[in-house]
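Below is one structure, written out as structure tokens; comments come after it.
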Amino acid sequence: MLFDLEPKSRREDLYDFETELRDLINGIINDKVIVVRGLRRTGKTSLMRVALNEVGYPYVYLDVRFAGRPRQIDLIELIRRGLEDFLARNKSIINRVRDAISRVRWIRVGGIADTCGD
Ligand SMILES: Nc1ncnc2c1ncn2[C@@H]1O[C@H](COP(=O)(O)OP(=O)(O)O)[C@@H](O)[C@H]1O
Ligand SMILES: [Mg+2]
């Protein structure tokens, strides 16, 4: 919805950012670090969210705006929320990791050589 006050996440809700969206998608694919600069409320977060969704790479979103100087617990909480959001958005990845781990053949190194699994 175009007039939603929240940042947009879908391409069809993003207005008049074709060039910026193309540049950002190219940057995500080809560059290591990308900085999106602009005044507040001009659509940076929306542009970034749409680009990430369009590219389809897995990502962890961390909003590092703090009211004051962050304490260690604030940083831990930030990462926890980022990972929780990632896991909620990537259930298929989690299932693939779980599946891969279930098929790992464990080999103990040191002491008596030993294998277990199927
Ligand atoms: N190009 C755009 N298309 C659609 N909505 C936009 C656009 N630019 C800004 N907005 C809207 O304006 C508000 C601020 O956008 P946001 O992405 O949070 O900006 P920023 O991160 O630069 O502060 C949100 O309601 C967002 O949906
Ligand atoms: Mg923002």
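First listed ligand is number 1; within each ligand, the first listed atom is number 1.
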For ligand 1, which part of Asp13 has a heavy atom less than 4.0 Å away: the side chain, the backbone, both, or neither? backbone

Of the listed options Gly38, Gly43, Ser46, Ser9, closest to atom 8 (N) of ligand 1 (non-hydrogen atoms): Gly43

Taking N or O atoms only and a 3.5 Å limit, does Pro7 qualify as a polar contact for ligand 1? no

Counting backbone and side chain alike, does Met48 bring an N/O/S atom below 2.8 Å of the Mg ion (ligand 2)? no

Does ligand 1 have an atom under 4.0 Å from some heavy atom of Leu14? yes

Is any N or O atom of Arg40, backbone or side chain, closer than 3.5 Å to an N or O atom of ligand 1? no

Has ligand 1 got any nitrogen or oxygen that is less than 3.5 angstrom from a nitrogen or oxygen of Glu6? yes

Is the Lys NZ or Arg CZ of Arg11 less than 6.0 Å from the centre of Phe17's six-membered ring, within 45° of the axis? no

Are Arg49 and Tyr59 in a cation-pi setup, meaning NZ or CZ lies under 6.0 angstrom from the ring centre and within 45 degrees of the ring axis? no

What part of Leu39, side chain, backbone, both or neither, has a heavy atom within less than 4.0 angstrom of ligand 1? backbone

State yes or no: do Leu62 and Val50 share one hydrophobic cluster built from I, L, V, M, F, W and Y residues joined by side-chain heavy-atom distances below 4.5 Å, directly or via other members? no

Any link between Ile79 and Val60 through a network of hydrophobic side chains (Ile, Leu, Val, Met, Phe, Trp, Tyr) touching at under 4.5 Å? yes

Between Val55 and Tyr61, is there shared hydrophobic-cluster membership here, with clusters defined by ILVMFWY side-chain heavy atoms closer than 4.5 Å? yes

Residue-level breakdown please: for Phe17 versus ligand 1, do any non-hydrogen atoms fall below 4.0 Å on the side chain, on the backbone, on both, or on neither? side chain

Please report the C-alpha distance between Arg22 and Thr19 in whole Å, then the side-chain angles of each, then the deciding distance to 0.1 Å, and finally whether the side-chain contact (heavy atoms from CB on, under 4.5 Å) criterion is met. CA-CA 5 Å; Arg22 197 191 54 228; Thr19 309; 3.8 Å; yes

Side-chain touch Leu52/Tyr57, heavy atoms, less than 4.5 angstrom: no

